**Student:** 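To start, I am sharing the structure in question, which I have written as structure tokens.
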Amino acid sequence: MANKDQTDTARMEKIVSLCKRKGFIFQSAELYGGLNGCWDYGPLGADLKKNIKDYWWRKNVQERDDILGLDGSILTHQAVLTASGHIGGFSDPMCDCLLTKARLRADQIEPQSGTAYHFTGASHEESGWSIARVYSVLLNQPNQDENKARKTAKEFYAQFLNDQQISPKKLTLAGETTSEEIDVTNFNPDNGSLLTEPRDFELMFKTQMGASADENDPNATAYLRPETAQSIFVQYKNVVDSSRVKLPFGIAQIGKSFRNEINPRNFTFRSREFEQMEIEYFCRPEDGLRLTNEWLANRLAFYETIGLDKEKLHVLDIPDGERAHYSKKTYDIEYDFPFGQQELEGVAYRGDYDLGKHQEASGKPLEYFDEATKERFIPHVVEPSAGCDRTILAVLCEAYAEEDLTKEGGKQDIRTVMRFKPCIAPIKAAILPLLKNKPELVEKAKEVKNLLQPFMNVFYDETAAIGRRYRRQDEIGTPYCIAIDFETLGEEDASLKDTVTIRHRDSMEQERIAISDLLPWLLERIR
Ligand code: GAP
């Protein structure tokens, strides 16, 4: 089992920097200082994202007879989210640091022990200023200098000074007492400052609909969906009636979800606007647990096919008491990101909870009628719920590699290469005429480009030396470079006419292939 705390900050910084430099991912509204928790995918990122979504759809919808697609609306009726339990229930307990105002998830604060220093207020003799307010600081290390607690307390009280020019050091603290604390969670682990009491923080984005939207009109209120799952449950009956599917079957959806996360962090990992790739797989109750295990195996295999290292994937079997009350089984699939082992996807057996809740709230029957057994019942559901942006982030982290190609006695030569699987690489092939000032080479190269372009994303590049062009493609993960050289023209050896050199990104090996074989050769490898 990988260590959850094992991190590689330098590697992560290089990946984030490459993403911006090469046009994979940009901070949203960067021009205006950035919109926290929101990201824009640049030209290469947009293609990478599209390829991952297309591949997921192909494997889960196109190549299966038992799963159908759905594309539900993002704006969601409040009745849907009331029935699902999101309204009134989808919140995190938060507390604020009284010193820095940093907001922390109360349930994620590790218990700490140590000596707490309590104060009743502070004063500034020269100006006559004083304040009466209780405040505490925890020193959680053995033999810590107690003056550290006093310094923190003075900084806290100094926030209330009318004259901000007065140094906190000039304050006199009042009413100091101490107490020994064991496993407490009401102090900021970063600076020891007392925290506020936890308060619930609403995670959903609410909006008003219609031209005459009135803030007080409950019918004008809608929400940006916090998960794609709910429109699947709400349209379940329409899908059954219109498609005449039989259990077991699934409904799949890819789309945006929105959560007002308190602490968006780790690049795109925890965002406020993100995309999910979810399947609700409906089944008979007796098949639920078996199918949950089958889906877990299926999803792990999926991640391997898009290039994630098996050793970096971990399964957490969520124990009783930590799962949602309606779930009989939940697995988290986690990945070793450079910032630690973190969740990629959840595979949950949700029983008949969701359809049951919507049936109850809407008053409309959502039961399934089994023609064979003449039974009527609410199907159970298994939910593999993946994050698209997290999958992209894992793929970027996995693909990033640096190779030292320095020759003995030579200048340092580090090759940066993104080892994307060809099926998800943003650009499948680069077409490179050896020289740009040789019209026959350029013309042939453009012919090759025109041949391939209707079938795949290719990139034509005629600037700089061929070696540099190869390296540029390595850095963006193009699996194949196709060089059009003098042999292609058949000038020296007629048998090589209309052949090209293919250079493989990972091995850097080269081979010659006839232009007439190029398209099937590539199509076979980029699927
Ligand atoms: N329908 C179930 C559901 O939404 P979830 O565990 O809250 O379950 C499923 O979310 C997946 O969606 C997560 O495993 C993660 O990959 C992705 N996800 C959730 N919140 C996210 C966020 N704030 N930013 C990026 N991805 C997120």
Side-chain angles (χ1 to χ4, degrees), residues 1-8 11-12 15 25 37 39 49 52-53 56 60 86 90-93 104-110 203 225-229 253-281 292-293 295-324 326-350 382-398:
M1 172 89 124
N3 180 356
K4 276 209 173 227
D5 302 326
Q6 207 173 320
T7 59
D8 187 344
R11 180 177 169 82
M12 195 59 216
I15 293 166
I25 302 175
W39 301 92
K49 190 176 201 185
I52 286 177
K53 290 197 286 184
W56 184 93
N60 290 300
H86 283 89
F90 197 51
S91 55
D92 281 339
L104 287 85
R105 277 266 301 265
D107 54 346
Q108 289 179 351
I109 298 170
E110 290 292 331
L203 287 182
R225 64 181 175 195
E227 59 174 9
T228 58
Q253 177 165 211
I254 299 179
K256 292 263 183 173
S257 293
F258 301 82
R259 295 182 193 176
N260 197 5
E261 299 284 1
I262 317 302
N263 286 324
R265 62 174 182 275
N266 290 330
F267 199 22
T268 59
F269 180 82
R270 190 172 301 288
S271 309
R272 292 189 167 135
E273 172 174 344
F274 55 97
E275 233 165 320
Q276 290 184 306
M277 306 187 289
E278 292 195 296
I279 298 166
E280 303 303 329
Y281 197 76
T292 308
N293 289 322
W295 269 111
L296 174 68
N298 174 310
R299 296 301 305 144
L300 286 167
F302 174 88
Y303 287 116
E304 282 184 56
T305 62
I306 58 167
L308 300 192
D309 179 357
K310 196 178 177 174
E311 299 296 310
K312 292 192 191 149
L313 289 165
H314 309 278
V315 175
L316 247 70
D317 187 347
I318 308 295
D320 291 348
E322 287 183 32
R323 289 192 302 268
Y326 48 80
S327 175
K328 293 195 182 68
K329 195 88 193 157
T330 298
Y331 296 111
D332 278 355
I333 299 177
E334 298 196 331
Y335 175 74
D336 289 333
F337 288 95
F339 44 83
Q341 184 185 317
Q342 298 275 351
E343 180 185 327
L344 254 189
E345 167 160 355
V347 179
Y349 176 26
R350 301 175 65 110
V382 178
E383 179 193 65
S385 173
C388 177
D389 307 83
R390 284 193 192 172
T391 305
I392 293 168
L393 188 55
V395 159
L396 285 164
C397 293
E398 182 83 45

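Computed from a prediction, not measured in an experiment: that's the story for all the values here. Heavy-atom basis, side chains included; hydrogens, waters and symmetry copies ignored.
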**Student:** Hey, does I392 have a side-chain heavy atom less than 4.5 Å from the side chain of T268?
**Tutor:**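 With C-beta onward as the side chain, the pair stays apart.
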**Student:** Start with the C-alpha distance between K329 and V347, add both sets of side-chain angles, then the distance that settles side-chain contact (heavy atoms from CB on, under 4.5 Å), and finish with yes or no.
**Tutor:** CA-CA 8 Å; K329 195 88 193 157; V347 179; over 6 Å; no
**Student:** For a side-chain contact (heavy atoms from CB on, under 4.5 Å) check, start with the C-alpha distance between R323 and K328, then their side-chain angles and the critical distance, and finish with the verdict.
**Tutor:** CA-CA 8 Å; R323 289 192 302 268; K328 293 195 182 68; 5.5 Å; no
**Student:** Can you give me the closest heavy-atom contact between P264 and G37, atom names plus distance?
**Tutor:**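 Smallest interatomic distance, heavy atoms only, reads CB-CA, 3.6 Å.
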**Student:** Would you say E278's side chain and A229's backbone share a donor-acceptor pair under 3.5 angstrom?
**Tutor:**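 Judged by distance alone, yes, a pair lies under 3.5 Å.
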**Student:** For I52 and W56, what are the C-alpha separation, side-chain angles and deciding distance, and is it a side-chain contact (heavy atoms from CB on, under 4.5 Å)?
**Tutor:** CA-CA 6 Å; I52 286 177; W56 184 93; 5.5 Å; no
**Student:** Got a second to check how far E383's CD is from E345's CD, nearest 0.5 Å?
**Tutor:**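 So the gap between those two atoms works out to 9.5 Å.
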**Student:** How about R350 and T330: do any of their side-chain heavy atoms sit closer than 4.5 Å?
**Tutor:**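 Of all side-chain heavy-atom pairs linking T330 with R350, none is under 4.5 Å.
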**Student:** Think R299 forms a cation-pi with Y303, using NZ or CZ under 6.0 Å from the six-ring centre and within 45 degrees of its axis?
**Tutor:**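 Geometry flag: set, cation within 6.0 Å and 45°.
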**Student:** Rounded to the nearest 0.5 Å, how far does CD of E261 lie from CZ of F274?
**Tutor:**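 These two atoms lie 6.5 Å from each other.
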**Student:** Which pair of non-hydrogen atoms, one from I15 and one from C397, has the smallest distance, and what is that distance?
**Tutor:**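 Smallest heavy-atom distance, with atoms named: CD1-CA, 3.7 Å.
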**Student:** Only one of H314, Q341, K312 forms a side chain to side chain donor-acceptor pair (under 3.5 Å) with E334, so which one is it?
**Tutor:**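 With E334 as partner, H314, Q341, K312 yield a single side chain to side chain donor-acceptor pair (under 3.5 Å), made by Q341.
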**Student:** Main chain of R11, side chain of D8: is a donor-acceptor contact present, judged purely on distance under 3.5 Å?
**Tutor:**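 Pair found, side chain donor or acceptor close to backbone of R11.
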**Student:** Evaluate M277 against T228 for side-chain contact (heavy atoms from CB on, under 4.5 Å), listing each step before the verdict.
**Tutor:** CA-CA 8 Å; M277 306 187 289; T228 58; over 6 Å; no
**Student:** I need the I262 CD1 to L203 CG distance, nearest 0.5 Å.
**Tutor:**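 Interatomic distance, I262 CD1 to L203 CG, rounded to 0.5 Å: 5.5 Å.
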**Student:** At what distance, to the nearest 0.5 angstrom, does CD of Q276 lie from CD1 of I254?
**Tutor:**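 Those atoms lie 11.5 Å apart.
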**Student:** Say you draw a straight line from OG1 of T292 to OH of Y281; how long is it, rounded to the nearest 0.5 Å?
**Tutor:**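 The OH atom of Y281 is 11.5 Å from OG1 of T292, to the nearest 0.5 Å.
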**Student:** For E280, check salt bridge (charged side-chain N to carboxylate O under 4.0 Å, His left out) against everything at least two apart and list the hits.
**Tutor:**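 Applying salt bridge (charged side-chain N to carboxylate O under 4.0 Å, His left out) to E280 gives none.
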**Student:** Closest approach of D332 and G346, non-hydrogen atoms and distance?
**Tutor:**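 What the structure gives for the nearest pair is OD1-CA, 3.9 Å.
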**Student:** Do L393 and N266 come within less than 4.5 Å of each other through their side chains, counting heavy atoms only?
**Tutor:**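 No, too far: nothing below the 4.5 Å cut-off.
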**Student:** In the structure I gave you, are the side-chain heavy atoms of R259 and R270 within less than 4.5 Å of one another anywhere?
**Tutor:**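 The answer is no, as the side chains (C-beta and beyond) never meet within the 4.5 Å cut-off.
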**Student:** Does any part of the side chain of K310, heavy atoms only, come nearer than 4.5 Å to the side chain of L300, both counted from C-beta?
**Tutor:**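 Not touching, per the 4.5 Å side-chain cut-off.
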**Student:** Which one of K53, R225, R390 satisfies the salt bridge (Lys or Arg N to Asp or Glu O under 4.0 Å) criterion with E275?
**Tutor:**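 Passing option: K53.
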**Student:** Quick check: W39 with F267 (ring centres under 6.0 Å apart)?
**Tutor:**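 Yes, close enough.
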**Student:** Counting distance only, does the side-chain N/O of E398 pair as donor-acceptor with the main-chain N or O of D309 below 3.5 Å?
**Tutor:**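 Yes; judged by distance alone, with no hydrogens or angles, the pair exists.
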**Student:** For E110, does the CD atom have more than 12 heavy-atom neighbours from other residues, nucleotides or ligands under 6.0 Å away?
**Tutor:**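 Incorrect, the count does not exceed 12.
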**Student:** Once rounded to the nearest 0.5 Å, what's the spacing between atom CG of L308 and atom OH of Y335?
**Tutor:**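 Nearest 0.5 Å value for the CG-OH distance: 5.5 Å.
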